[in-house]
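All chains are named by letter (A, B, ...) in the order of the sequence lines, taking the proteins before the strands, and each is independently numbered beginning at 1. Note that these values count all heavy atoms, side chains included, but never hydrogens, waters or copies made by symmetry. Worth saying up front: this structure is predicted, and the values here are computed from it rather than measured.
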Amino acid sequence: MSELSNAISEEGPPPFARRVLDIIDRIPPGRVMTYGLIADTVDAHPRLVGRVMTHWADETQWHRVVYANGTPATCHGNNALVLLRGEGTPMHGDRVDLVHALWDG
DNA sequence: AAGCTGACTCGCT
DNA sequence: GAGCGAGCCAGCT
């Protein structure tokens, strides 16, 4: 373990990922952010945000990150939907009401 | 080295 | 309102 790739696992997410996680972590309960909005905040592309989530989602409120159309990331089940409702997030059926729930950081 | 896949979004039909 | 395709970046096989 003297390689950089190993160090990342030991120290944590790189600056870019850390930035994304920090943004998500500061999203207040009852509010959500879209991948595109976060990506724009960090000056990156939505795909990059999704990649960060795949590796470090467990370190942040991943359920507060939804798709541009308001659909929660149903990657590992619909538990995100339950969590959002549990926080009192403005919902419209199974979709988040971005008009009221979207947080612009 | 090349190609595929993936927690994405937008525009067009 | 719903479906399809294209663009996009990085990591893994």
Side-chain angles (χ1 to χ4, degrees):
Chain A
M1 57 165 249
S2 39
E3 299 304 328
L4 180 61
S5 39
N6 212 349
I8 294 175
S9 299
E10 293 292 323
E11 304 212 12
F16 169 66
R18 186 72 183 87
R19 181 86 116 122
V20 175
L21 297 173
D22 183 58
I23 294 170
I24 299 171
D25 188 52
R26 78 182 209 172
I27 301 175
R31 288 287 192 283
V32 298
M33 256 180 117
T34 65
Y35 285 91
L37 185 57
I38 296 170
D40 183 58
T41 304
V42 299
D43 191 47
H45 291 267
R47 286 276 186 184
L48 278 293
V49 179
R51 198 171 316 289
V52 173
M53 299 292 277
T54 305
H55 280 271
W56 298 284
D58 61 307
E59 296 186 23
T60 192
Q61 306 289 4
W62 67 271
H63 61 269
R64 292 186 190 157
V65 184
V66 301
Y67 293 136
N69 65 344
T71 308
T74 56
C75 44
H76 285 295
N78 303 347
N79 37 339
L81 188 60
V82 178
L83 290 170
L84 290 170
R85 287 188 168 184
E87 294 182 345
T89 307
M91 305 286 297
H92 198 62
D94 52 349
R95 306 279 180 258
V96 177
D97 186 353
L98 296 179
V99 178
H100 295 288
L102 186 62
W103 185 248
D104 51 11

Which whole-number value in Å describes the distance from A:Trp62 CH2 to B:dA7 P?
12 Å

In dot-bracket form, 5' to 3', how is DNA chain B paired? Count Watson-Crick and G-U wobble pairs only if both distances fall under 3.5 Å, and write | where the partner sits on another strand.
.|||||.||||||

Separation of A:Ile38 atom CD1 from B:dA7 atom P, in whole Å?
16 Å

Taking C-beta and beyond as the side chain, do A:Ile24 and A:Met53 meet within less than 4.5 Å on heavy atoms?
yes

If hydrophobic clusters are built by linking Ile, Leu, Val, Met, Phe, Trp and Tyr wherever their side-chain heavy atoms come under 4.5 Å apart, do A:Trp56 and A:Leu83 end up in the same one?
no

To the nearest 0.5 Å, what is the distance between CD (A:Gln61) and CG (A:Leu84)?
10.0 Å

Using whole Å, what does the distance between atom C1' of nucleotide C:dA10 and atom CE of A:Met53 come to?
17 Å

Nucleotide nearest A:Leu48 when distance is taken to its side chain, options C:dA10, B:dT9, B:dA7
C:dA10

In whole Å, what is the span from the CZ atom of A:Phe16 to the P atom of C:dG11?
10 Å

Could you give the distance from OG1 (A:Thr71) to CG (A:Asp94), rounded to the nearest 0.5 Å?
7.0 Å

Less than 4.5 Å apart, side chain to side chain, heavy atoms only: is that true for A:Val42 and A:Leu48?
no

How would nucleotides 2-8 of chain C be written as a contact map, 5' to 3', with B for base contact, S for sugar-phosphate-only contact and - for no contact, using protein heavy atoms under 4.0 Å?
-----BB

Applying the side chain to side chain contact (heavy atoms under 4.5 Å, CB included) test to A:Met33, which of A:Val49, A:Asp104, A:Ile38 qualifies?
A:Ile38

Verify the neighbour count for atom CG of A:Asn69: are there more than 12 heavy atoms of other residues, nucleotides or ligands below 6.0 Å?
yes

At under 4.0 Å between heavy atoms, what does A:Tyr67 touch on the DNA or RNA strands: base, sugar-phosphate, or nothing?
sugar-phosphate

Provide, to the nearest angstrom, the distance between the CD atom belonging to A:Glu59 and the P atom belonging to B:dA7.
18 Å

Tell me the interatomic distance from A:Ile23, atom CD1, to B:dA7, atom P, rounded to whole angstroms.
21 Å

Between A:Arg64 and A:Ile27, is there a donor-acceptor pair closer than 3.5 Å when you use the side chain of the first and the backbone of the second?
yes

Between C1' of B:dA7 and CD of A:Gln61, the distance in whole Å
15 Å

Close side-chain approach of A:Leu98 to A:Val66, heavy-atom, < 4.5 Å:
yes

By the 4.0 Å heavy-atom rule, please label A:Ala57 as base, sugar-phosphate, or nothing.
base

Output the rounded distance in Å from CH2 (A:Trp56) to P (C:dG11).
9 Å

